[in-house]
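Have a look at the structure below before the remarks.
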Amino acid sequence: SNEELAVEFEALLAIHPEAHVCCTGDNRWVVELLVLPNTAEDSGQQFVRTNLRIYLEEGGSASDTDGQASGYPLSLPTLQLTDVRGLPESSSAALLARLQREAQTLVGEPMLCVLLGLAIEELTTMNCPDGDCIFCLESLKASVERSTNVEIVKLSDCFHCFHGTCIDAWWKHQQRCKEETEAVTAP
């Protein structure tokens with residue numbers, strides 16, 4: 001019912017005040033949350049992120065062809081991941097499939113907080129830099145697994161990651177080249 005959905009939205013926003021809830025009309029709702037791994041708010045250690053959108057069709061007086069009540073929570077919400085950063089496509093697909101399986105087990109019950117909590121939990125498990133360092137071509141994940149002292153540098157917009165020592169060496173090289181070029185071209 002409308003009242004139950006309002007109570008669920010209130011609980012959701014109490015737990016996740018950064019979530020966005022909006023009505024798109026015709027008893028359809030969208031819930032969206034930027035999902036980050038739990039890293040004690042150390043954004044430098046957040047190597048993955050995504051937006052989770054949950055599309056709901058409100059129940060109430062609407063009925064399906066069998067005369068039964070329909071709409072959320074009696075029907076599955078549509079789930080979508082957008083603006084995925086730091087996750088390979090296979091991991092993103094696995095996360096979405098995991099959330100969809102959980103939603104199926106919760107049909108008939110309020111599930112928004114559960115799904116958002118599960119997304120955070122799963123993303124925390126997947127929180128590891130992906131790919132190779134473009135400077136030394138070594139796997140970032142293998143570096144982290146081999147040593148706890150490896151510093152990984154992440155670019156904040158694109159989530160590309162590098163070994164800290166590699167990017168430091170590259171930066172110093174760039175600075176030396178700039179100084180040499182300026183010395184040669186100076187009058």
Side-chain angles (χ1 to χ4, degrees), residues 1-131 141 154-161:
S1 77
N2 296 352
E3 189 175 302
E4 290 169 338
L5 191 57
V7 168
E8 187 172 3
F9 287 157
E10 184 178 344
L12 168 77
L13 292 171
I15 297 168
H16 301 285
E18 67 282 7
H20 299 281
V21 177
C22 70
C23 182
T24 61
D26 296 332
N27 291 329
R28 291 190 168 91
W29 293 85
V30 178
V31 176
E32 185 168 0
L33 177 71
L34 173 62
V35 182
L36 299 166
N38 280 329
T39 58
E41 297 184 24
D42 182 355
S43 63
Q45 294 301 307
Q46 295 171 344
F47 300 111
V48 295
R49 80 166 200 206
T50 188
N51 284 323
L52 173 60
R53 285 190 188 150
I54 304 173
Y55 297 90
L56 308 169
E57 188 162 331
E58 191 174 337
S61 61
S63 297
D64 65 18
T65 56
D66 296 332
Q68 300 294 318
S70 65
Y72 178 82
L74 298 174
S75 62
L76 279 174
T78 301
L79 307 177
Q80 180 184 29
L81 300 179
T82 63
D83 195 25
V84 178
R85 303 285 173 93
L87 280 178
E89 195 172 310
S90 60
S91 296
S92 174
L95 173 59
L96 184 59
R98 174 70 174 95
L99 294 171
Q100 289 169 332
R101 283 192 310 274
E102 184 67 19
Q104 288 174 342
T105 68
L106 296 170
V107 168
E109 302 174 32
M111 66 179 82
L112 298 178
C113 291
V114 173
L115 292 176
L116 293 173
L118 179 61
I120 294 168
E121 181 182 309
E122 291 291 319
L123 212 58
T124 300
T125 301
M126 297 174 170
N127 188 38
C128 187
D130 184 54
K141 186 174 183 178
K154 176 192 68 174
L155 299 181
S156 60
D157 289 339
C158 60
F159 277 54
H160 285 110
C161 296

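Note that the structure is a prediction, hence the values are computed from the model and not measured.
In this structure, the side chains of Glu109 and Val114 stay at 4.5 Å or more apart for every pair of heavy atoms. With contacts defined as side-chain heavy-atom distances shorter than 4.5 Å, the pair Val21/Leu13 qualifies. With contacts defined as side-chain heavy-atom distances shorter than 4.5 Å, the pair Asn38/Leu123 does not qualify. At a threshold of 4.5 Å between non-hydrogen side-chain atoms, the residues Arg85 and Phe47 do not count as touching. Between Leu74 and Glu57 there is no side-chain heavy-atom pair separated by less than 4.5 Å. Side chains of Leu79 and Arg53 form no contact here, defined as non-hydrogen atoms less than 4.5 Å apart. The side-chain heavy atoms of Leu116 and Leu12, taken from C-beta on, include a pair separated by under 4.5 Å. In this structure, Gln46 and Lys154 have side chains that are in contact, with non-hydrogen atoms separated by less than 4.5 Å.
The number of heavy-atom neighbours closer than 6.0 Å to CG of Asp26, taken from other residues, nucleotides and ligands shown, is 12 or below. Counting heavy-atom neighbours within 6.0 Å of Glu10 CD, excluding the residue itself, gives a total of 12 or less.
Taken from CD in Gln104 to CE in Met111, the straight-line distance is 9.5 Å, to the nearest 0.5 Å. Rounded to the nearest 0.5 angstrom, Leu112 CG and Leu56 CG are separated by 5.5 Å. One distance of note links NE2 of His16 with CG of Leu34; it measures 12.0 Å at 0.5 Å rounding. Remark: Leu36 CG to Asn51 CG distance equals 9.0 Å, nearest 0.5 Å.
For the pair Thr124 (side chain) and Ile120 (backbone), a donor-acceptor distance under 3.5 Å is present. With hydrogens and angles ignored, the 3.5 Å screen pairs no side-chain donor or acceptor of Thr50 with any backbone N or O of Leu81.
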Assess whether side chain to side chain contact (heavy atoms under 4.5 Å, CB included) is satisfied between Met126 and Leu95, documenting all intermediate values. CA-CA 9 Å; Met126 297 174 170; Leu95 173 59; 4.0 Å; yes

Full working for side chain to side chain contact (heavy atoms under 4.5 Å, CB included) between Gln80 and Tyr55: CA-CA 8 Å; Gln80 180 184 29; Tyr55 297 90; 2.9 Å; yes

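Residue Val48 is tested with Val35, Leu87, Val84 for a side-chain contact (heavy atoms from CB on, under 4.5 Å); the sole match is Leu87.
With sequence neighbours left out, the side-chain contact (heavy atoms from CB on, under 4.5 Å) criterion links Leu118 to Arg98, Leu99, Glu102, Glu121, Glu122.
A centroid separation of 6.0 Å or more is found between the aromatic rings of Trp29 and Tyr72.
Heavy atoms only, all atoms of each residue included: Ile15 and Cys113 are closest at CD1-SG, 3.7 Å. Pro110 and Pro73 get closest at one heavy-atom pair: N-CB, 4.4 Å.
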